[in-house]
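When a ligand or atom number is given, it counts from 1 through the structure's own listing order.
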Amino acid sequence: MSEVIVEKHEGYAVLLMSNKKKRNALDSELSKALINKAKELSTDNSIRAVVLTGVDNIFCAGADLDEFSAALTKDALGHYKNREVDVKVFDIVKIIGKPVIAAVNGYALGGGFGLACSAHIVVSSPTCKFGMPELSLGIFPYVIFPYVIEAIGRRQATSLALTRKIIDAEEAKKIGVVYEIADNPLEKAMVIAKSIASLSPAVLKLSMNAINNDSEDSINSKYLSLLRIVNFASEDLKIGIDAFKKKIKPEWRGK
Ligand code: COA
C-alpha cells in the first residue's frame with residue numbers, strides 16, 4: 001500500500017512518501033496522493049515551508065516499474081491521459097508554492113532524483129545515492145530532465161543520464177544537487193523549515209515570487225512528453241523492465 005503521511009508542525013509540514021514494498025516508488029496512488037497533499041498545503045496559511053522525505057531509509061526509487069510494464073499495452077491516447085498524474089507529480093514543488101526542503105534519507109533514483117532536483121534545498125545523509133538509471137531500462141528520463149537541468153546544468157544532467165552513474169552524497173553536493181550533508185537529514189531539514197517559517201509571511205511570499213520568476217523553460221517539456229509517449233510504444237522498454245525484474249542484462253532489439 002502506498003500513501004503520503006502529512007505531519008504538521010508549527011509553521012511547517014513534513015510530507016512522508018511511503019510505498020514500502022517498492023522502495024517508495026512513485027505508483028499512481030502515491031503520485032495522486034502527493035499532488036493532492038501539495039494542493040492542500042498550498043492553501044494552508046499556517047504552513048510556510050514543507051519538508052519532503054521518504055519512509056524506511058529510502059527517499060524514492062523513481063517511477064513504479066510494474067505500472068510501466070502494465071502501461072506498455074496502452075495506446076497513445078491512454079498515455080496522454082496518464083500524463084495528468086505521471087507528469088504532474090514532478091510539479092508538486094511548484095504546486096506547493098512555498099519553500100520545499102528535500103530530506104534525502106537513502107536512494108534518490110530516477111523520479112526520486114527528479115523530486116530532489118525540483119526541491120529548493122536538499123539535505124542528504126552521507127550514505128545517500130543519486131542518479132538516473134532510466135536508459136538502462138530502455139527509457140530516457142523525459143519528465144524529470146528539465147528539473148535536473150535547472151538544478152545542475154545541461155552538461156552535468158546529460159552526463160548523468162547517458163552514463164547512468166550513481167553518485168554519492170559528496171559528489172551530489174559538489175555538482176549542486178545537495179546543499180548540506182547531515183547524519184540526520186530529516187532533523188536538519190526540519191530545523192531549516194522552522195527557521196524559514198519564522199520569517200515574515202508577507203516577505204516570504206514575495207521571496208517565492210522572486211525565486212520562481214524564471215523566464216521560459218530552457219527545454220521544451222511538452223516535446224519531452226511527446227517523446228515519452230513514443231518511447232512507451234517501444235519493445236525495448238518492455239525488454240529493459242523485464243531484465244530489471246529478472247536481474248539479467250537486457251538484450252535490446254532496437255524496436
Ligand atoms: N518500481 C517498482 N518496484 C521497485 C522499484 C521501482 N522503481 N524499485 C524497487 N522495486 C521493488 C523491487 O522490484 C523489489 O521487489 P521484490 O521484493 O518483489 O523483488 C523491491 O522493490 C526491493 O528492491 P531491490 O532492488 O531488491 O532492493 P535493493 O535495496 O537491492 O535496491 C534500489 C534498491 C532502489 C537500488 C533498486 O531497487 C533499484 O535500482 N530500483 C530501480 C530504480 C530505477 O531504475 N528507477 C527508475 C525508474 S524509471
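Checking atom 8 (N) of ligand 1 against the protein gives a heavy-atom contact under 4.0 Å. The presence of a protein heavy atom under 4.0 Å from atom 47 (C) of ligand 1 is confirmed. Distances from atom 17 (O) of ligand 1 to the protein include no heavy-atom value under 4.0 Å. Distance remark: protein heavy atom present below 4.0 angstrom from atom 21 (O) of ligand 1.
For the pair Arg23 and ligand 1, the shortest N or O to N or O distance falls below 3.5 Å. Between Gly62 and ligand 1, no N or O atom pair is found at a separation short of 3.5 Å.
The pair Lys165-Glu171 meets the salt-bridge criterion, with a side-chain N (NZ, NE, NH1 or NH2) lying under 4.0 Å from an Asp/Glu carboxylate O. Using a 4.0 Å cut-off between charged side-chain N and carboxylate O, Asp56 and Arg23 make no salt bridge. Salt bridge status for Asp183 with Lys188: absent, with no side-chain N to carboxylate O gap under 4.0 Å.
Protein heavy atom at the shortest distance from atom 1 (N) of ligand 1 is Leu65 N, 2.9 Å. Looking from atom 13 (O) of ligand 1 to the surrounding protein, the closest heavy atom is Lys245 NZ, 3.1 Å. The shortest contact between atom 5 (C) of ligand 1 and any protein heavy atom is with Lys22 O, 3.9 Å.
Of all the heavy atoms of Leu137, the ones lying under 4.0 Å from any atom of ligand 1 belong exclusively to the side chain.
Ligand 1 is never approached by Glu67 to a heavy-atom distance shorter than 4.0 Å.
In this structure the side chain of Ser28 reaches within 4.5 angstrom of the side chain of Glu67, judged on heavy atoms. Looking at Leu15 and Glu7, their side chains never come closer than 4.5 Å, going by heavy atoms from C-beta outward.
Of the candidates Phe59, Tyr107, Phe244, the one placing a heavy atom closest to atom 39 (O) of ligand 1 is Phe244. Closest heavy-atom approach to atom 15 (O) of ligand 1 within the set Lys247, Glu134, Lys21: this belongs to Lys21. For the residues Gly110, Gly106, Ala61, Gly111, the heavy atom positioned nearest atom 45 (N) of ligand 1 is part of Ala61.
Dense packing is recorded around CD of Glu235, with more than 12 heavy atoms of other residues, nucleotides or ligands lying under 6.0 Å away. Atom NZ of Lys22 is surrounded by more than 12 heavy atoms from other residues, nucleotides or ligands within 6.0 Å. Annotation for Tyr179: atom OH does not count as buried by contact number, only 12 or fewer foreign heavy atoms lying within 6.0 Å.
Looking at Tyr147, its side chain does come within 3.5 Å of a backbone N or O of Phe90 through a donor-acceptor pair.
Using modelled atom types and a 3.5 Å distance limit, the side chains of Ser234 and Asp236 yield no donor-acceptor pair.
Remark: ligand 1 atoms within the under-4.0 Å shell around heavy atoms of Asp64 are 1 (N), 2 (C). Atom numbering of ligand 1 starts at 1 in the shown order; those under 4.0 Å from a heavy atom of Ala25 are 1 (N), 6 (C), 7 (N).
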